[in-house]
A.B. asks: 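My structure is below; once you've seen it, I'll send some questions.
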2 protein chains.
Amino acid sequence: MKKTIKDIAEMTGVSPGTVSKVINNYSDVGESTRRKVQEALKKVGYRTKLHTKKNIIGVIYGGKVEFNHPFFVDVINMFSKEIGFLGYDLLFISRLVDNKDYLQRCKEAQVDGCIIVGGEESEQSLQELDRSDIPCIGIDIKLKGDSSSYIMTDNINLGKKVIEHFYLLGHREIAYIGGRKSAMVGSERTLGFHRAMTEFGLDAHEKWIEHGDFSEKSGYQAMKKILFQSDNIPRALFVASDLMAFGAMAAIKQHGLKIPSDIAVVGCDDIEISRYIEQPLSTMKQDKDKIGRLAAYMLIDQINGFKGTSSVIVDSELVIRNTCG
Amino acid sequence: MKKTIKDIAEMTGVSPGTVSKVINNYSDVGESTRRKVQEALKKVGYRTKLHTKKNIIGVIYGGKVEFNHPFFVDVINMFSKEIGFLGYDLLFISRLVDNKDYLQRCKEAQVDGCIIVGGEESEQSLQELDRSDIPCIGIDIKLKGDSSSYIMTDNINLGKKVIEHFYLLGHREIAYIGGRKSAMVGSERTLGFHRAMTEFGLDAHEKWIEHGDFSEKSGYQAMKKILFQSDNIPRALFVASDLMAFGAMAAIKQHGLKIPSDIAVVGCDDIEISRYIEQPLSTMKQDKDKIGRLAAYMLIDQINGFKGTSSVIVDSELVIRNTCG
DNA sequence: CTGAAAGCGCTTACAG
DNA sequence: CTGAAAGCGCTTACAG
């Protein structure tokens, strides 16, 4: 049975007008009355005619992530399938010229929850959304809000697995191309690299460490720097994204070096193209299907008020193809 | 100034109750009254509180198209950028188990317009949407409704270009793998193939013509059939999608034949992977950016009531890489 | 801080 | 087929 303001008023022994004021966040309501009414509203799941449940999930791409991002597109594909089965549609909030307020847009559209894909923890408008009471799930971005959680690959351990593999192959001279440090994903992979190097007693040669922005081009430029700045060349290279690895491989070949005999390369992500390219890339596979499915179920749990779900760290796996021993 | 039902009533010299009835499609209203009121509603752009403009575009994937479809993902990416600039968000309507009614979902969500991506003209729920008064743009699907238009590559001419290229290369024995005939895109490419063969005075060998469903696997199976069913093998192969071409190439290689020296292959779409694979695929490139941008502007024009925009046929271009002479 | 009451925008059973 | 009027769900200026 649909509840009205009047019902709530009766339940709480208060006038309909006062209930209306609570709903609309008027300031002239006593604190205890407000709480009492809010509880009742929540209990019966009160919704005004304009605010019926919309069954819409907001999707927000942080930073410079685009729609056709080779990693996230597969994550979101699986996410959309799972959440579609549960009756939800996906509202992709456009990035606007004037740095639009995501939170406001989500409220206008009355989304039931949000998924935030990539981007950086420092982005103002993402933080606002994170801190709001809209349930949010972050993919590769650490959300901290009370109604938020996130899913992220164990980026520190990921680095360790790569270095371990190189170590067992006998490589001691290892180079590294990281992503943007401002993104948690970037900084953690870098941290993982350094920790692993220390753990295996290897020197992280400063001239062999560069950073890009996860794009193919930036990987190319970073590798160029490494090859030109240093007198000797590394024997192995760990790159924090497959896209950057493609660029780095191009730079290596241009330099007249062979992969993997001169330099072994391991990327990170396992995007689809990595399997198809001329020389299929060895890479740290992140389980895109699992991440997408997890995100769907965690978000639904948040929406339904099962607070149990905290954040999840998923493991990664080395996929050996043709670019490392 | 916000108009109410009362204003409309005064404008048309009718009671507010009657206006309400027109708005809610009650049947007991006289035809002339109804028209008069509807005109007034339209003129002042009447919207009830529940029906303010939402600035949302519905996105519907027809048939089995998925979110990460290598061709459409780029089209939609460009579309979303353009339409995002104009202040719209994108609502991806989920495909539901019980063959949900797209039209109803679009009305509930009050989308301002729709883009329908792929799929087949015969799909019931797409037809309903097409025939509704919601502005729709079809990509690779022929919409016929009064408020609809579509964008499609010139698939007939596309076939001609491929055959012409083969012809000039001296190939006379040409095989063809088409897509689903129930999709306009599929049937037109097939038609284009046959017409071009006739035009160049070539025989379309029945055993060299197979059909898949645009997927990689179906291309593989189709090529297997062609290779096993026929005594002699063709010298050239035209495949109606890049994905099917990948499968066909695998089958050719398994058969111990070389591309392009034994069989020349040309695909269709120019998806991103085609450039990256071990043996980069020659293909008919469709201008994804242009299509995405066109779709955005045509849809906005429809929404704003500029009926001028009819459907658009875009041209394609042969991109020669390593699989044909 | 709270409620009684006027009012808004809309819908709908009913009379003609 | 049409309108006067009761009514619904909600908001809001005002009195206390």
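Reminder, nothing fancy here: chain letters follow the sequence lines and each chain counts from 1. This one's a predicted model, so the numbers in the text were calculated from it and none came from an experiment.
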A.B. asks: Return no unless some side-chain N or O of A/S20 is found under 4.0 Å from OP1 or OP2 of D/dT11.
C.D. replies: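 Yes, such a contact exists.
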A.B. asks: Check the distance between C/dA4's C1' and A/I5's CD1 and give it to me in whole angstrom.
C.D. replies: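 Between C1' of C/dA4 and CD1 of A/I5: 15 Å.
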A.B. asks: Between A/F92 and A/F67, what is the ring plane arrangement, given parallel below 30°, perpendicular above 60°, and tilted in between?
C.D. replies: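 Tilted.
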A.B. asks: Is A/E39 paired with A/K42 through a side-chain N to carboxylate O contact shorter than 4.0 Å?
C.D. replies: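 So A/K42 does not pair with A/E39 through a salt bridge.
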A.B. asks: Measure CG/B/D7 against P/C/dC10 and give the value in whole Å, please.
C.D. replies: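 For the pair B/D7 CG and C/dC10 P, the rounded distance is 9 Å.
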A.B. asks: Looking across every strand, which nucleic acid part, if any, lies under 4.0 Å from A/V14 by heavy atom: base, sugar-phosphate, or nothing?
C.D. replies: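 Answer is sugar-phosphate: A/V14 comes under 4.0 Å of backbone atoms only.
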A.B. asks: Measure from CG on B/N25 to P on C/dT12 and round the result to the nearest Å.
C.D. replies: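 Between P of C/dT12 and CG of B/N25: 13 Å.
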A.B. asks: Given the rule in the salt bridge (charged side-chain N to carboxylate O under 4.0 Å, His left out) test, do A/K144 and A/E121 qualify, once you have shown the distances and angles that lead to the verdict?
C.D. replies: CA-CA 10 Å; A/K144 302 188 172 73; A/E121 285 74 7; over 6 Å; no
A.B. asks: Does a side-chain N or O of A/Y26 approach OP1 or OP2 of D/dC10 to a distance below 4.0 Å, or not?
C.D. replies: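 So the side chain of A/Y26 is outside the cut-off, no N or O lying under 4.0 Å from OP1 or OP2 of D/dC10.
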A.B. asks: Whom does D/dA4 pair with, Watson-Crick or G-U wobble, provided both distances fall under 3.5 Å?
C.D. replies: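 Paired with no nucleotide.
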A.B. asks: Without decimals, in angstroms, what is the distance between A/D28 CG and D/dA15 P?
C.D. replies: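 Roughly 15 Å, once rounded to whole Å.
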A.B. asks: Ignoring hydrogens, what is the shortest heavy-atom contact between A/S132 and A/L103? Give both atom names and the distance.
C.D. replies: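 Taking A/S132 first and A/L103 second, the nearest heavy atoms are CB-CD1, 3.5 Å.
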A.B. asks: Which nucleotide in the list D/dT2, C/dT11, D/dC10 gets nearest to the side chain of A/Y46?
C.D. replies: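 So the nucleotide nearest the side chain must be D/dC10.
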A.B. asks: Which nucleotide, if any, forms a Watson-Crick or G-U wobble pair with D/dA13, using both distances under 3.5 Å?
C.D. replies: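 For D/dA13, the partner nucleotide comes out as none, under the 3.5 Å rule.
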A.B. asks: Calculate the interatomic distance between B/K6 atom NZ and C/dC10 atom P; express it in whole Å.
C.D. replies: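 The distance from NZ of B/K6 to P of C/dC10 comes to 11 Å, rounded to the nearest Å.
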A.B. asks: Strictly below 4.0 Å: does B/S15 bring a side-chain N or O up to OP1 or OP2 of D/dA4?
C.D. replies: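 Answer no for this pair, as no side-chain N or O of B/S15 is under 4.0 Å from OP1 or OP2.
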A.B. asks: For A/G17, which contact category applies under a 4.0 Å heavy-atom criterion: base, sugar-phosphate, or nothing?
C.D. replies: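 Here A/G17 touches the bases of the nucleic acid.
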A.B. asks: Name the orientation class of the two ring planes belonging to B/H69 and B/F71 (parallel below 30°, tilted from 30 to 60°, perpendicular beyond 60°).
C.D. replies: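 Aromatic pair B/H69/B/F71 classed perpendicular.
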A.B. asks: Checking all strands, does A/K21 fall into the base, sugar-phosphate, or nothing category for heavy-atom contacts under 4.0 angstrom?
C.D. replies: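 Answer is base: heavy atoms of A/K21 come under 4.0 Å of a base.
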A.B. asks: Expressed as a whole number of angstroms, how long is the span from A/K36:NZ to C/dC1:C1'?
C.D. replies: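 Rounded to the whole Å, the gap is 12 Å.
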A.B. asks: Between D/dT12 atom C1' and A/N24 atom CG, what is the distance in whole Å?
C.D. replies: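 Result: 10 Å.
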